[in-house]
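Contents: one structure, followed by commentary.
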Amino acid sequence: MSSTSTPPIITKWASKDGEFHRQVSSFRSFVEPSAAAEFPAESGRYHLYVSYACPWAHRTLIVRQLKGLEDVISISVVHYLMGPNGWEFASPDDVPGATLDDVTGAKYIREVYLKAEPSYSARFTVPVLWDKKRQTIVNNESSEIIRMLNTAFDDLVAPEYRGITFYPEDLRVQIDEINEWIYDTVNNGVYKSGFAVSQDAYERNCRALFESLERIERILAEREFLLGSRLTEADLRLFTTIVRFDPVYHGHFKCNLKQIGTGYPNILRWTREIYQLPGIKGTVNMEHIKKHYYMSHTQINPTQVVPLSDGPNLDSPEVRPASRPY
């Protein structure tokens with residue numbers, strides 16, 4: 001078989017060209033601060049369905065934490081193992097960190113989707129922002145959910161959290177620009193490498209990934225965060241990929257030209273600084289992360305053996321971040 005041919009077995013994540021193509025999110029409504037809005041901001045009305053393993057869901061957990069929304073928006077956490085029926089809820093007694101769904105009573109995330117739209121036929125992904133009052137899904141696109149959490153609930157949080165923004169007006173153009181290439185080559189790039197089923201697709205995406213990591217390393221050599229001295233949405237979106245890189249993507253997804261812990265000192269310093277911000281560490285559940293990838297993707301890791309390493313020590317005393325660089 002030549003290096004350019006496609007293997008006879010195609011995984012459910014890749015198409016016939018050997019490339020991984022991510023599904024476009026289907027529910028795209030917005031919570032707004034106005035009482036007249038279709039989905040008005042109200043304390044206790046909305047619920048987040050998340051996975052500690054999923055980097056997209058992880059974004060929403062971080063913004064919920066940094067915006068002081070724990071008492072405003074409730075959460076349910078799925079089992080780390082994704083089986084034939086998708087994300088499943090589990091008792092914390094059986095799976096520490098997981099929860100049952102006490103909002104809709106669903107056993108699987110798919111049931112939440114079908115409750116909102118009985119004819120729904122696409123993939124059943126997390127995160128999901130659920131409206132308890134209308135019994136429907138507001139949004140399942142992580143990039144839009146974090147924008148809502150960023151501003152829509154400001155009237156409902158404690159005074160010290162009001163006005164905090166990770167998408168400041170004076171940096172929006174730059175944030176959008178950096179998000180675009182980081183999403184394509186890094187956030188999604190690790191998946192395009194790991195789920196590729198042709199050599200050409202793998203090599204092309206893996207090289208593009210590391211070209212972007214080199215670019216990020218150069219940026220962070222001159223700046224504390226991606227866009228200067230302020231922590232922004234761009235940092236939070238990248239962080240959830242980087243924190244998984246060495247323990248998962250380097251080996252499991254074959255993104256192995258370098259490791260963050262040994263090959264990118266500026267990215268490592270940046271990762272540690274974000275990880276050590278108040279509240280962030282609690283959103284990083286490495287047991288769920290590692291067990292999900294290595295045990296769910298049996299077409300990549302049929303033995304389901306989970307490696308020991310959690311990656312570099314992110315609690316390093318070498319980094320002592322400011323309490324609120326945003």
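Only a predicted model underlies this, so the values are computations on that prediction, with no experimental measurement involved. Any value given below was found using the heavy atoms of this structure, including those in side chains, with hydrogens, waters and symmetry copies removed. Throughout, numbering of the chain's residues begins at 1 and tracks the sequence.
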Could you tell me the separation between the [atom1] atom of [X] and the [atom2] atom of [Y], rounded to the nearest 0.5 Å?
{"X": "T165", "Y": "L66", "atom1": "OG1", "atom2": "CG", "value": "12.0 Å"}
{"X": "R59", "Y": "E233", "atom1": "CZ", "atom2": "CD", "value": "8.0 Å"}
{"X": "N188", "Y": "I182", "atom1": "CG", "atom2": "CD1", "value": "13.5 Å"}
{"X": "D184", "Y": "N179", "atom1": "CG", "atom2": "CG", "value": "12.0 Å"}

Does a side-chain N-to-carboxylate-O contact under 4.0 Å join D235 and R230? no
Is E160 salt-bridged to R324, cutoff N-O under 4.0 Å? no
Are any non-hydrogen side-chain atoms of R215 and W181 less than 4.5 angstrom apart? yes
Any side-chain heavy atom of I137 within less than 4.5 Å of one from E117?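 The answer is no; the side chains never approach within 4.5 Å.
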Quick one: closest heavy-atom pair of [X] and [Y], and the distance?
{"X": "M286", "Y": "P247", "value": "SD-CG, 3.9 Å"}
{"X": "W130", "Y": "A116", "value": "CZ3-CB, 3.9 Å"}
{"X": "P92", "Y": "T99", "value": "CD-CA, 4.3 Å"}
{"X": "T185", "Y": "S212", "value": "OG1-OG, 2.6 Å"}
{"X": "H292", "Y": "A53", "value": "CB-CB, 3.3 Å"}
{"X": "C206", "Y": "C255", "value": "SG-CA, 4.0 Å"}

Any donor-acceptor N or O pair under 3.5 Å, side chains [X], [Y]:
{"X": "N205", "Y": "S193", "value": "no"}
{"X": "D176", "Y": "Y167", "value": "yes"}
{"X": "Y49", "Y": "D101", "value": "yes"}

Quick one: which of I260, I242, L231 gives a side chain to side chain contact (heavy atoms under 4.5 Å, CB included) with W270?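 Exactly one option meets the side chain to side chain contact (heavy atoms under 4.5 Å, CB included) with W270, and it is I242.
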Hey, can you tell me if F195 and Y191 have their rings parallel, tilted or perpendicular (30° and 60° cut-offs)? tilted
In terms of relative ring orientation, are H297 and Y293 parallel, tilted or perpendicular, with 30° and 60° separating the classes? perpendicular
Ignoring hydrogens and angles, tell me if any N or O in the side chain of [X] forms a donor-acceptor pair with the backbone of [Y] under 3.5 Å.
{"X": "N187", "Y": "T241", "value": "no"}
{"X": "D246", "Y": "Q259", "value": "no"}
{"X": "E217", "Y": "I267", "value": "yes"}

Start with the C-alpha distance between E273 and R269, add both sets of side-chain angles, then the distance that settles salt bridge (Lys or Arg N to Asp or Glu O under 4.0 Å), and finish with yes or no. CA-CA 6 Å; E273 188 163 349; R269 182 271 309 160; 3.4 Å; yes
Side chains of residues 78-89: which donor-acceptor partners sit under 3.5 Å, not counting sequence neighbours?
from: H79; atom 1: ND1; to: L81; atom 2: N; distance (Å): 2.9

Walk me through it: do H288 and S51 pass the test side-chain hydrogen bond (donor to acceptor under 3.5 Å, both in side chains)? CA-CA 8 Å; H288 277 231; S51 162; 5.8 Å; no
Is K258 close enough and on-axis enough to Y264, meaning under 6.0 Å and within 45°, for cation-pi? yes
